[in-house]
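Computed from heavy atoms alone, side chains included, the values below leave out hydrogens, waters and symmetry copies. Chain naming here is simple, since letters A, B, ... match the order of the sequence lines and numbering starts at 1 in each.
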Number of protein chains: 4
Amino acid sequence: MGVTMDGTKQQRRGNTRQRIQDVALELFAEQGYEKTSLREIAERLDVTKAALYYHFKTKEEITVSLFEDLTQPIEALIEWGRQQPHTLETKQEIVRRYSEALAGAEPLFRFMQENQATVRELRIGDTFKDRLRGLRDIIIDPEAPLVEQVRCVSAMFTLHAGMFVMQDLEGDPGKKREAVLEVALDLVTQAHRGAHGTE
Amino acid sequence: MGVTMDGTKQQRRGNTRQRIQDVALELFAEQGYEKTSLREIAERLDVTKAALYYHFKTKEEITVSLFEDLTQPIEALIEWGRQQPHTLETKQEIVRRYSEALAGAEPLFRFMQENQATVRELRIGDTFKDRLRGLRDIIIDPEAPLVEQVRCVSAMFTLHAGMFVMQDLEGDPGKKREAVLEVALDLVTQAHRGAHGTE
Amino acid sequence: MGVTMDGTKQQRRGNTRQRIQDVALELFAEQGYEKTSLREIAERLDVTKAALYYHFKTKEEITVSLFEDLTQPIEALIEWGRQQPHTLETKQEIVRRYSEALAGAEPLFRFMQENQATVRELRIGDTFKDRLRGLRDIIIDPEAPLVEQVRCVSAMFTLHAGMFVMQDLEGDPGKKREAVLEVALDLVTQAHRGAHGTE
Amino acid sequence: MGVTMDGTKQQRRGNTRQRIQDVALELFAEQGYEKTSLREIAERLDVTKAALYYHFKTKEEITVSLFEDLTQPIEALIEWGRQQPHTLETKQEIVRRYSEALAGAEPLFRFMQENQATVRELRIGDTFKDRLRGLRDIIIDPEAPLVEQVRCVSAMFTLHAGMFVMQDLEGDPGKKREAVLEVALDLVTQAHRGAHGTE
DNA sequence: GATGAATGAGATTTCATTCAT
DNA sequence: GATGAATGAAATCTCATTCAT
């Protein structure tokens with residue numbers, strides 16, 4: 001990995017920060033935040049622990065930086081969603097785009113989902129929950145019956161589940177993602193109809 | 001030590017094991033498994049760390065014992081489910097009972113959900129996933145279209161989400177639980193119909 | 001040291017806390033607080049670093065405990081002084097007793113004097129300065145001319161200096177201490193006369 | 001970098017060495033030598049740590065340079081003193097001039113006084129003690145009775161104390177300094193008389 | 001005259017665990 | 001049924017220092 005024909009470590013200059021982030025995310029997602037020590041990250045990168053501290057002030061800051069870099073798509077999505085009319089089509093589009101965003105930042109979401117207890121203390125936790133709430137508030141109609149609101153949350157959660165739990169369902173991954181998306185779309189559609197009639 | 005007449009330290013004899021489990025679960029759920037040290041548990045109980053080791057061989061064993069005690073209802077549910085015919089009614093009843101089981105062991109599930117990364121390494125993780133898979137296989141029809149299978153998983157996941165994420169929806173907790181259950185029931189019902197026609 | 005005829009470590013039971021304090025004070029006085037690592041203390045005692053943490057929560061706490069144990073004589077002296085009339089004899093007696101107190105806790109005072117910068121941050125610093133101020137306020141007459149007040153402070157400082165700086169004056173230690181005491185007594189006597197006339 | 005027109009970064013060229021010394025001394029005096037890291041110094045100067053190493057080979061060398069620059073007045077004083085006759089007037093003049101020298105290099109002396117433990121290892125420590133001994137030997141008469149010798153040391157120490165401990169005496173700083181000087185002068189005068197009669 | 005990137009050594013602290021009593 | 005004393009391993013973090021550019 002990253003070793004060239006002459007055996008030297010190529011690409012080592014100028015991208016260490018990025019490499020730290022990559023390895024950290026990978027290990028955090030794989031083994032959990034607490035189980036992943038800076039020693040381990042450093043060893044994988046073949047640098048010293050102190051090098052990590054040159055690039056990030058604390059372990060927490062590594063994590064924060066991961067969030068900042070990777071939650072931008074969601075941020076953008078919320079922004080977009082806010083400016084659309086609250087129609088069924090918008091909601092469906094949100095679900096579709098959210099599904100994509102999740103797929104694009106799978107390890108981060110996996111990390112978050114599997115380390116909630118940790119993330120919660122990480123002061124970024126709130127920020128992120130806020131964002132999700134933002135999304136939710138776009139597809140949820142606060143006037144709608146409670147059941148329909150639940151259906152919307154369920155839709156989003158189905159997408160999350162799609163990333164992990166569904167993995168051990170049989171079937172082609174692509175098809176599975178489609179199926180998950182379909183279920184989620186159905187849920188918001190039902191929610192919308194339940195709230196506004198079949199329009 | 002062992003004072004009795006005034007009742008303060010009464011009830012302390014013979015149930016320490018239980019008390020350890022209670023406090024451990026509480027702290028694990030609240031702060032996460034890794035963040036909770038045996039020192040902390042011992043301090044809350046006003047005993048020494050060594051006392052914990054009289055009752056449990058390792059920290060892991062405390063956790064395992066929690067699972068063993070608390071997953072019996074699920075175990076029983078699966079057993080019951082296996083002996084029923086695979087009708088819609090059975091599936092609905094499974095969902096209903098699962099919902100109750102979750103409510104009855106909330107902290108444990110919360111602990112599991114928020115510490116997946118940890119639980120996974122805990123060798124109990126598999127056991128538990130196996131159980132959930134057992135449940136799933138009862139409400140899922142393996143011949144059914146993929147979308148309907150997803151719908152079933154989504155139903156179960158909706159119940160999970162109901163415990164935590166939905167908490168910050170507005171509304172009376174009782175009503176919320178009902179709404180969650182309704183959505184989950186809808187999902188398995190739709191799944192069933194989608195697989196077998198409207199019968 | 002502490003090794004008996006059969007060569008085993010005698011007295012190792014029950015007095016580790018004390019031994020930690022002894023060694024710590026010795027090293028702090030000899031090399032300075034910051035230069036003395038817990039590793040070093042532990043090694044000298046032939047225990048592990050973790051053993052130190054069994055007895056003291058932090059490095060700072062070791063220091064605090066040293067102060068608490070060793071400043072009691074001063075405390076007592078102040079208490080005594082407060083209840084005496086503000087006569088010349090009292091002041092002289094204070095100086096005499098203070099001189100003794102200093103001699104009895106030499107390493108601690110040496111540590112304090114040579115590590116003021118550190119001690120200041122140690123939150124015990126204030127406490128100690130308060131005590132010294134307490135002493136000062138007994139021998140100083142706040143109405144007296146400034147010069148006489150200075151003379152009193154100078155008396156106390158002379159005693160301090162006596163412990164360290166004077167060490168490299170030639171002469172028998174006992175005689176030196178006497179000489180130092182005499183100078184200090186002269187100073188408070190002059191101060192008293194300067195303020196109240198030769199009475 | 002190197003901006004000039006607006007004056008902000010002006011004067012930054014060519015005097016970095018000086019600025020390092022200033023900030024270092026300030027921080028050393030304020031927080032102690034060990035507690036002050038090169039990172040901190042660099043940050044205050046808005047340069048990198050490496051820049052410090054362009055100007056000084058080690059942290060110790062920064063300190064040494066401070067001493068060299070700031071102890072020259074004392075050096076000169078000793079030289080002057082050596083060539084004077086050992087009369088009372090000379091001794092008084094030495095005390096006066098020493099008092100001034102102290103005032104002119106307050107932070108350095110404060111640093112020295114509060115970090116003796118550190119300074120002692122700094123190999124400059126000896127040098128400095130040597131100098132102070134030099135001074136002492138001028139005002140002390142080695143044939144004089146021990147008490148009178150102590151009085152002389154006490155005089156010098158009173159001047160030191162004047163810088164710090166006396167600070168929290170009430171009164172105008174200028175007057176306090178005068179008072180301190182007066183006490184010190186008294187002490188050498190008494191010492192001289194005690195040794196040679198009232199001449 | 002300085003920076004960016006890194007290192008090696010070491011500090012304090014915490015943890016799960018053990019065992020004699 | 002528990003405690004008191006300790007350990008070994010490891011974690012996070014900091015520091016002075018180096019060196020190619």
Side-chain angles (χ1 to χ4, degrees), chain A residues 12-17 20 34-42 45-62, chain B residues 1-2 12-17 20 34-42 45-62, chain C residues 12-17 20 34-42 45-62, chain D residues 1-2 12-17 20 34-42 45-62:
Chain A
R12 272 294 281 284
R13 178 150 284 105
N15 63 343
T16 303
R17 198 189 137 95
I20 292 170
E34 326 270 0
K35 280 258 169 68
T36 304
S37 69
L38 296 184
R39 181 182 50 70
E40 209 175 347
I41 297 177
L45 288 169
D46 204 31
V47 294
T48 60
K49 279 173 286 165
L52 305 187
Y53 280 91
Y54 175 75
H55 293 283
F56 298 94
K57 267 210 283 285
T58 61
K59 188 183 180 186
E60 180 166 348
E61 217 191 56
I62 297 182
Chain B
M1 277 173 222
R12 280 284 287 275
R13 177 167 279 113
N15 64 345
T16 301
R17 197 188 138 94
I20 293 171
E34 324 271 0
K35 281 256 170 71
T36 304
S37 67
L38 294 185
R39 178 179 54 67
E40 210 175 346
I41 296 175
L45 289 169
D46 205 30
V47 295
T48 60
K49 273 181 291 170
L52 306 185
Y53 280 89
Y54 177 80
H55 293 283
F56 298 95
K57 267 211 285 283
T58 63
K59 187 185 182 187
E60 181 165 350
E61 217 191 55
I62 298 181
Chain C
R12 272 294 282 284
R13 177 150 288 103
N15 64 344
T16 302
R17 199 189 136 94
I20 292 171
E34 327 270 2
K35 280 257 169 68
T36 304
S37 69
L38 296 184
R39 179 183 52 67
E40 210 175 347
I41 297 178
L45 289 169
D46 203 31
V47 295
T48 60
K49 278 173 287 165
L52 306 186
Y53 280 91
Y54 176 76
H55 293 283
F56 298 95
K57 268 209 283 283
T58 61
K59 187 183 181 186
E60 178 165 349
E61 217 191 56
I62 297 181
Chain D
M1 276 172 224
R12 278 284 285 276
R13 176 165 281 112
N15 63 344
T16 302
R17 198 189 137 93
I20 292 170
E34 324 271 1
K35 280 256 170 70
T36 304
S37 68
L38 295 185
R39 178 177 54 65
E40 212 175 345
I41 297 176
L45 289 169
D46 206 29
V47 296
T48 59
K49 272 180 291 169
L52 306 186
Y53 280 89
Y54 177 81
H55 292 283
F56 298 95
K57 265 212 284 286
T58 63
K59 187 185 182 185
E60 181 165 350
E61 217 190 55
I62 297 181

**Request:** Could you tell me whether the phosphate oxygens of dT14(F), OP1 or OP2, come under 4.0 Å of any side-chain nitrogen or oxygen in R39(D)?
**Result:** no
**Message:** Working to the nearest 0.5 angstrom, can you tell me the gap between K49(C) NZ and R39(C) CZ?
**Reply:** 8.0 Å
**Closest to the T16(D) side chain, choosing from dC19(F), dT7(E), dA2(E)** = dA2(E)
**Item:** Closest-nucleotide ordering on DNA chain F, the 5'-leading residue of A50(C) and T36(A)
**Value:** A50(C)
**Prompt:** Which listed nucleotide (dA11(E), dT3(E), dC13(F)) is nearest to the side chain of Y53(A)?
**Reply:** dC13(F)
**Prompt:** Rounded to the Å, how far apart are I41(B) CD1 and dA16(E) P?
**Reply:** 8 Å
**Request:** Specify the residue among H55(B) and A51(C) whose closest nucleotide of DNA chain F lies further upstream toward the 5′ end.
**Result:** H55(B)
**Whichever of T58(C) and T58(B) has its nearest DNA chain E nucleotide further upstream toward 5'** = T58(C)
**Prompt:** Given atom CG of N15(C) and atom C1' of dG4(F), what is their separation to the nearest angstrom?
**Reply:** 14 Å
**Item:** Pairs meeting criterion side-chain hydrogen bond (donor to acceptor under 3.5 Å, both in side chains) with involvement of residues 51-61 of chain A, two or more places apart
**Value:** E60(A)-R123(A)
**Asked** Rounded to the nearest Å, what distance is computed from the CG atom of residue L45(B) to the C1' atom of nucleotide dA2(F)?
**Response** 13 Å
**Value rounded to 0.5 Å, distance of CD1 in I41(B) from CD1 in I20(B)** = 8.5 Å
**Asked** Choosing from dA10(F), dA16(F), dT7(E), which nucleotide comes nearest the side chain of K49(C)?
**Response** dA10(F)
**Message:** Once pairs are restricted to Watson-Crick or G-U wobble with both distances under 3.5 Å, how does DNA chain F read as a dot-bracket string, [ ] for crossings and | for other-strand pairs?
**Reply:** .||||||||||||||||||||
**Complete:** In whole angstroms, the gap separating P of dA5(F) from CG of L52(C) amounts to 14 Å
**Request:** Please list, chain by chain and in numerical order, all residues satisfying side-chain contact (heavy atoms from CB on, under 4.5 Å) with A50(C), sequence neighbours excluded.
**Result:** T48(C)
**Asked** Can you tell me how far C1' of dC13(F) sits from NZ of K57(A), to the nearest Å?
**Response** 13 Å
**Asked** Can you check the F56(D) CZ to dT18(F) C1' distance for me, whole Å?
**Response** 18 Å
**E61(D) CD to dT17(F) C1', straight-line distance once rounded to whole Å** = 13 Å
**Prompt:** What nucleotide, of dA11(F), dT17(F), dC13(F), holds the atom closest to the side chain of L38(A)?
**Reply:** dC13(F)
**Fill in**
Which of dT17(E), dT17(F), dA2(E) is nearest the side chain of Y54(D)? It is dA2(E)
**Message:** Of the listed nucleotides (dT3(F), dT12(F), dC15(F)), which one gets closest to any side-chain atom of S37(A)?
**Reply:** dT12(F)
**Rounded distance in Å - CD (E60(C)) to C1' (dT13(E))** = 14 Å
**Message:** Checking contacts here: which listed nucleotide (dG4(E), dT3(F), dT13(E)) is nearest the side-chain heavy atoms of K59(C)?
**Reply:** dT13(E)
**Fill in**
Considering only heavy side-chain atoms of T48(D), the closest of dA11(F), dT3(E), dC15(E) is dT3(E)
**Message:** For a 4.5 angstrom cut-off between non-hydrogen side-chain atoms, does L38(C) reach I62(C)?
**Reply:** yes
**Request:** Return the minimal non-hydrogen interatomic distance between K35(D) and E40(D), and the atom names on each side.
**Result:** O-OE1, 3.7 Å
